[in-house]
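Remarks on the structure that follows.
These numbers were taken from a predicted model, which means no experiment stands behind them.
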Amino acid sequence: MPLDRTSAFYEENAETYAKRVRSLPKQLDAFLAGLAPGAAILELGCGGGQDSAYMLAQGFDVTPTDGSTELARQAEALIGRPVRVMLFQELDADSAFDGVWAHASLLHVPRSELPDVFARIRRALRTGGLLHASFKAGDAEGYDGFGRYYNYPSADGLSALLAKGGWRDITIEENDGGGYDGKPTRWITVMAHR
């Protein structure tokens, strides 16, 4: 399974990864503006917990999750509340959240499993619920220099996949940025409603 090396990276480097200097994603405020005050948000792949900490400070009801036990511990230390250790493929909620924040996390889902993961997320959202997800753009699946798996989708491919899955109001933006590996990265950001 391609995620074995990815999971090992996050387990072995959790403290360094969680404590790195990073700015909050510029899309976070726009995502929160699309939700009612105090809305219930599921964060998929919370990493070190910085985004969850910000959303909690803004008064939102946040449920942080991560696939790495060690990263979950780091996030718990930052936000002072439990972080559920869970793979995206284990999401089994029904109409429980107003928003799902999946910033730079779903990019590790094998391409063949993305339709099921998007369906699970859609089911977890209430009607009209909002999804934010970001991906590293590309043409084919692959690995970075740390051995982490990426699905590297195209904007058109993501748009088609979401439309086929019943999502509406799909907006996709592409921007240049960076990543943990320090390399220039083309990012795809998706916002869509259930």
Side-chain angles (χ1 to χ4, degrees), residues 3 6-7 10 18 24-25 27-135 151 153 158-172 188-194:
L3 291 180
T6 306
S7 297
Y10 289 112
L24 288 172
Q27 303 93 346
L28 185 50
D29 284 326
F31 169 76
L32 296 177
L35 299 172
I41 299 170
L42 173 66
E43 183 173 10
L44 293 173
C46 72
Q50 297 91 339
D51 296 358
S52 277
Y54 179 79
M55 292 186 280
L56 286 163
Q58 302 302 310
F60 290 92
D61 176 17
V62 182
T63 301
T65 70
D66 202 276
S68 162
T69 303
E70 291 303 317
L71 270 178
R73 276 198 194 113
Q74 295 292 322
E76 285 174 349
L78 177 69
I79 63 177
R81 64 168 53 193
V83 172
R84 181 175 173 198
V85 177
M86 176 190 83
L87 298 177
F88 310 123
Q89 297 85 341
E90 297 170 335
L91 177 60
D92 191 23
D94 192 359
S95 300
F97 301 99
D98 303 300
V100 171
W101 178 256
H103 190 76
S105 59
L106 298 180
L107 40 65
H108 293 310
V109 175
R111 280 189 175 195
S112 63
E113 297 177 28
L114 265 176
D116 175 63
V117 169
F118 276 130
R120 288 174 178 274
I121 293 169
R122 192 169 179 276
R123 190 168 49 251
L125 283 167
R126 296 182 177 114
T127 301
L130 182 61
L131 165 68
H132 161 93
S134 59
F135 299 83
N151 48 34
L158 275 176
S159 182
L161 181 60
L162 289 164
K164 185 176 179 183
W167 293 88
R168 59 184 184 78
D169 305 327
I170 301 164
T171 58
I172 295 183
I188 301 172
T189 303
V190 173
M191 294 260 280
H193 287 92
R194 175 178 172 174

Under the side chain to side chain contact (heavy atoms under 4.5 Å, CB included) rule, what do Trp167 and Val190 come out as? Steps first, then yes or no, please. CA-CA 11 Å; Trp167 293 88; Val190 173; over 6 Å; no
Take Ile172 and Phe135, measure what side chain to side chain contact (heavy atoms under 4.5 Å, CB included) needs, and give me the verdict at the end. CA-CA 11 Å; Ile172 295 183; Phe135 299 83; over 6 Å; no
Would you please test Leu91 and Leu42 for side chain to side chain contact (heavy atoms under 4.5 Å, CB included) and show each step? CA-CA 10 Å; Leu91 177 60; Leu42 173 66; 3.7 Å; yes
Test side chain to side chain contact (heavy atoms under 4.5 Å, CB included) applied to Phe31 and Thr189, step by step: CA-CA 11 Å; Phe31 169 76; Thr189 303; over 6 Å; no
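Smallest separation of non-hydrogen atoms from Met191 and His132: SD-CB, 3.9 Å. In this structure, Val85 and Gly67 approach most closely via the heavy-atom pair CG1-O, 4.0 Å. Annotation for Gly47 and Asp66: closest pair N-OD2, 2.8 Å, computed over non-hydrogen atoms. Taking both residues in full, the closest heavy atoms of Leu114 and Val109 are given as N-CG1, 3.8 Å, listed atom of the first, atom of the second, then distance. Val83 approaches Cys46 most closely through the heavy-atom pair CG1-SG, 3.7 Å. Here the closest heavy-atom approach between residue Gly48 and residue Leu71 is recorded as N-CD2, 4.3 Å.
Interatomic distance, CZ of Arg122 versus OG of Ser95, reported as 10.0 Å (0.5 Å rounding). To the nearest 0.5 angstrom, Asp61 atom CG is 11.5 Å from Leu35 atom CG. Remark: Glu43 CD to Gln50 CD distance equals 9.0 Å, nearest 0.5 Å. Separation of atoms CE (Met55) and CG (Leu24) is listed at 9.5 Å; rounding is to 0.5 Å. Interatomic distance, His193 NE2 to Leu125 CG, rounded to the nearest 0.5 Å: 9.5 Å. Note: Phe97 CZ to Leu130 CG = 14.0 Å, rounded to the nearest 0.5 Å.
Taking the charged nitrogens against the carboxylate oxygens, Asp98 and Arg126 do have a contact shorter than 4.0 Å, which makes a salt bridge. Salt bridge status for Glu70 with Arg73: present, with a side-chain N to carboxylate O gap under 4.0 Å.
Ser134 places a side-chain N or O within 3.5 Å of a backbone atom of Ala104 that can act as its donor or acceptor partner. Distance alone, capped at 3.5 Å, is enough to place a donor-acceptor pair between the Glu90 side chain and the Leu87 backbone.
Residues Trp101 and Leu28 meet the side-chain proximity criterion, which asks for heavy atoms closer than 4.5 Å. Residues Leu106 and Ile121 are in side-chain contact: their nearest non-hydrogen atoms beyond the backbone lie under 4.5 Å apart.
Evaluation of the salt bridge (Lys or Arg N to Asp or Glu O under 4.0 Å) rule for Asp116 yields Arg120 as partners, not counting sequence neighbours.
Applying the 6.0 Å contact sphere to CZ of Arg123 captures more than 12 heavy atoms from other residues, nucleotides or ligands.
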